[in-house]
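A quick write-up on the structure given underneath.
Please read these numbers as outputs of a predicted model, since none were measured by experiment.
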Amino acid sequence: MGGPGGWWRRKSTPAKVETYTRWSFHLIALSEPTVIAVTAFGHLDARAGLLVMVPVAAHVALAMVTASRALDWTVGRRPQPLRLLWALGAATAVVATAAVVYGRHGPGGGGEETGAVMGAVFGTTLSYGVGLTALGLKDRRRVGLLVAGFGAGAGLVAWAAGMPALTALATAAFVTAASAFFAATSAFSIWLLNAVYTLDEARETRARLAVAEERLRFGRDLHDVMGRNLAVIALKSELAVQLARRERPEAVEQMIEVQRIAQETQREVREVVRGYRRADLETELHGAQGVLRAAGIDCEVGGDTDGLPAEVQSALGWVVREATTNVLRHGDARKCTVTVLRPEGRVVLTVRNDGATTPHGSSRTGGTGLAGLRERLSAVDGTLDAGETGDGEFRLVAEVPLTARPVAEVAS
């Protein structure tokens, strides 16, 4: 699919949330040097400002790599990046401590300009570093200890560097609050990402259970038909064998009865299969509306289905089933509309949704689902057209003439 936004629309909902989360934390990390650069180049000359930004840039690069690996660990693609977490924690402590020491005792130390810049490096590096490190921790107690430890360490370093006790205490409180905010943001983002993946797995499980339930129903129906009749056939065949050995004429009557039961079994099996394949259009429309609304998708159904031939309803009912499955499993729709129109001499079923994702390949040639629908529609001289409209919408249109030829009987 063309267009600049095609890669985004092709993603599933969990993949979109993961991409959004990943780039959000990358942008958060990139905002760290932005905040510091504004202060550095506003108070220092260009050369001094660039020297300040070198360790900050290294810290940001390490933070971005750590955040990416931590998110991979969260979704189960990598082991927990413990070495990177320790490295980021150590780098954060080193850069922050160096900033305080340099601001108080380095060249120009104690000056208002240098102090403002080093204070920005100190507070920003600690806050961002702790927040991004929290991405790699699931235990809330460990996150709390991380925040409290860096907050207390910030106060102790500030006091040891010569700051007044109240100033050091205020510094500890600020670092604790700021790092707690970033850590809480990280924890909530991870929780949200895990929740989305869990809900997606639940939806897949629900779809598989629905298929399994339908297979069980079909199996029970076949068992009821075949089990009873085959038992009767076996008994009557055994009786016919015994009578034939005794040269009794009743053996012929028993075999005629076996033949009748076998033919009746064939007819009943055809009825079971025909009932399994036949779908009532009105029932399918209401079912699709209920399922989609239960999945959080606004579904509107409209049109007239009264008086349609049974074979046409069956074919279009299967179209509604497959379209509903595609909306649930292959797209990211928020709204879906199903309409049944009856222009002169034909009936047109249209399913639209705003989560454009072509299921299983090309809209005209791909996928066993659409191929199966075309086979069913061809039995009633119908046609199917499915594809994206170019404005983020997926449309499926099935058209059947009302003068369609009858559906062939299911082969025995």
Side-chain angles (χ1 to χ4, degrees), residues 206-288 291 305-325 347 349 360 367-384 398 400-412:
R206 183 176 61 184
R208 288 194 297 269
L209 287 175
V211 173
E213 183 180 359
E214 183 65 12
R215 288 175 177 172
L216 286 174
R217 185 194 69 79
F218 184 61
R220 287 194 301 268
D221 290 347
L222 280 180
H223 177 270
D224 292 342
V225 171
M226 298 295 292
R228 180 187 68 249
N229 291 352
L230 287 176
V232 175
I233 288 174
L235 289 174
K236 286 189 172 292
S237 298
E238 183 179 355
L239 177 59
V241 169
Q242 296 297 329
L243 291 172
R245 286 175 177 173
R246 298 175 186 175
E247 298 182 356
R248 297 283 297 273
E250 291 88 347
V252 176
E253 295 179 1
Q254 293 298 326
M255 290 308 299
I256 292 174
E257 182 66 13
V258 167
Q259 183 182 30
R260 185 193 66 78
I261 296 173
Q263 292 173 345
E264 180 67 16
T265 302
Q266 287 181 326
R267 186 190 63 79
E268 290 182 358
V269 170
R270 284 196 295 266
E271 288 296 326
V272 170
V273 175
R274 188 180 299 113
Y276 177 72
R277 290 186 174 181
R278 180 167 293 167
D280 179 71
L281 181 56
E282 187 69 24
T283 301
E284 294 300 329
L285 289 173
H286 286 298
V291 169
T305 62
D306 294 337
L308 290 176
E311 56 270 14
V312 173
Q313 290 207 38
S314 177
L316 293 180
W318 274 99
V319 172
V320 174
R321 285 187 189 182
E322 181 68 20
T324 302
T325 301
V347 57
L349 171 71
H360 305 299
T368 57
L370 296 182
L373 290 183
R374 289 191 175 90
E375 291 178 3
R376 293 181 185 276
L377 289 172
S378 65
V380 290
D381 297 331
T383 59
L384 179 72
V400 179
L402 291 179
T403 57
R405 56 183 169 83
V407 179
E409 288 291 324
V410 179
S412 60

Counting distance only, does the side-chain N/O of [X] pair as donor-acceptor with the main-chain N or O of [Y] below 3.5 Å?
{"X": "Thr265", "Y": "Ile261", "answer": "yes"}
{"X": "Glu284", "Y": "Arg321", "answer": "no"}
{"X": "Ser378", "Y": "Glu375", "answer": "yes"}

- If you look at every heavy atom in Ala240 and Ala251, which pair is closest and at what distance?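 Minimum heavy-atom separation between Ala240 and Ala251: O-CB, 3.6 Å.
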
- Message: For a quick test of reading the model, state the closest non-hydrogen atom pair linking Leu316 to Ala398 and the distance between them.
- Response: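 Between these two residues, the closest heavy atoms are CD2-CB, 4.0 Å.
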
Which distance, rounded to the nearest 0.5 Å, do you find between the [atom1] of [X] and the [atom2] of [Y]?
{"X": "Arg248", "Y": "Gln254", "atom1": "CZ", "atom2": "CD", "answer": "10.5 Å"}
{"X": "Glu257", "Y": "Leu235", "atom1": "CD", "atom2": "CG", "answer": "12.0 Å"}
{"X": "Ser237", "Y": "Met255", "atom1": "OG", "atom2": "CE", "answer": "5.0 Å"}
{"X": "Leu384", "Y": "Glu322", "atom1": "CG", "atom2": "CD", "answer": "9.5 Å"}
{"X": "Glu247", "Y": "Arg245", "atom1": "CD", "atom2": "CZ", "answer": "12.5 Å"}
{"X": "Leu243", "Y": "Lys236", "atom1": "CG", "atom2": "NZ", "answer": "10.5 Å"}

- Task: May I have the step-by-step check of side chain to side chain contact (heavy atoms under 4.5 Å, CB included) for Asp381 and Val400, ending in yes or no?
- Result: CA-CA 6 Å; Asp381 297 331; Val400 179; over 6 Å; no

- For the pair Leu285 and Val320, evaluate side chain to side chain contact (heavy atoms under 4.5 Å, CB included) and give the outcome as yes or no after the intermediate values. CA-CA 7 Å; Leu285 289 173; Val320 174; 3.9 Å; yes

- Message: A side-chain contact here means heavy atoms from C-beta on lying under 4.5 Å apart; do Thr383 and Leu377 qualify?
- Response: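 Thr383 does not reach Leu377 side chain to side chain.
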
- Does some side-chain heavy atom of Leu308 sit less than 4.5 Å from a side-chain heavy atom of Leu402?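 Leu402 reaches Leu308 side chain to side chain.
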
- Message: For the CD atom on Glu238, are there more than 12 heavy atoms of other groups (residues, nucleotides or ligands in this structure) within a distance under 6.0 Å?
- Response: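 Atom CD in Glu238 is not crowded, with 12 or fewer foreign heavy atoms closer than 6.0 Å.
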
